[in-house]
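Remarks on the structure that follows.
Read the numbers this way: they start at 1 and go in the same order the structure lists the ligands and their atoms.
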Amino acid sequence: MTDRRADYERDGFLVLERFLDDASCDALIERAGEIVRAFSPETYSIFTTREQTRRTDDYFLESGDQIRCFFEEDAFDASGALVRPVEQAINKIGHALHDLDPVFARVSRDPRLAALAASLGLERPLLLQSMYIFKQPFIGGEVTSHQDHTFLWTDPPSAVGFWLALEDATLDNGCLWALPGGHAEPPRGRFHRTPGGGTAYEVLDERPLPEAGMVPLPAPKGTCIVLHGLLPHRSGPNRSPRSRQAYSLHVIDARAAYRADNWLQRRPELPLRGF
Ligand code: FE2
């Protein structure tokens, strides 16, 4: 077993600095900016009208094979008006950038990423989900501790996250935190679709995820952080004047069974593919 795999199996994560070169980081930042600038006002009315729960649910649930923009919670005032320019109000873009956008597809299917996945034991990798995360200056929302397996459930667990820092991620602008060895924790819950058309969070284990022992993972631009699907991790809010943009790609193993009621589903014309 390689040292890298042994570290991953012990800690549940890896921090690989200088994985992506600056030009690739900048190309993704540039492309994400273009996607946001093309984002139509009719689409974001979904978030601003009241009686909106069903529409925002559908907008999210149908995004597994689309490229869609999602707002920061603090981007609107009480009347539903945007409080800052749209480019500074988007929380993330998801969830099929890796299949639908050529710039993201190229980085997502980089042979080095494929080699890294193989070195960690993913024998038949499928690229499941991609997210571009802005962590905007001042209003970048916190992400509370969770296990990605909760959202990307396979039997047995197989989800692995590759989190690429496109800008320096620091304690000030909301870097990741993770619990070394925490991937031994059983899953606390499962987020899934419900027959009525919405979603539910099903509690599987009442115990909160441990907070003690969580360590920050500051990541210079170009760093790849690998996260085991059961590893508890979180990130703080960004109250700093600097964004903390990142691209996150989740891969599962085709040998594991993907649940039919997972929130993320693909239309048959766009099946999951490997690297
Ligand atoms: Fe996560």
Handout entry: salt bridge (Lys or Arg N to Asp or Glu O under 4.0 Å) partner of Asp155, the single match among Arg259, Arg190, Arg255
Key = Arg259
Practice task
Not counting sequence neighbours, list each pair that qualifies as a ring-ring contact (aromatic ring centres under 6.0 Å, His included) and has a residue in residues 192-226.
Solution key: none
Handout entry: Nearest atoms (heavy-atom pairs only) where Ser108 meets His98
Key = OG-CB, 3.4 Å
Fill in the blank from the handout: Listed as residue and atom, the protein N/O/S atoms under 2.8 Å from the Fe ion (ligand 1) are His146 NE2, Asp148 OD1, His233 NE2
Report, one line per pair, each donor and acceptor closer than 3.5 Å where one atom sits in a side chain of residues 209-224; sequence neighbours left out.
| residue | atom | partner | partner atom | Å |
| --- | --- | --- | --- | --- |
| Glu211 | OE1 | Arg234 | NE | 3.3 |
| Lys221 | NZ | Asp26 | OD1 | 2.6 |
| Thr223 | OG1 | Pro220 | O | 2.6 |

Handout entry: Pro85: partners by side chain to side chain contact (heavy atoms under 4.5 Å, CB included), with sequence neighbours left out
Key = Glu87, Gln88
Exercise for the section: If the plane angle is over 60° it's perpendicular, under 30° parallel, otherwise tilted; pick one for Tyr247 and Tyr132. Expected result: tilted
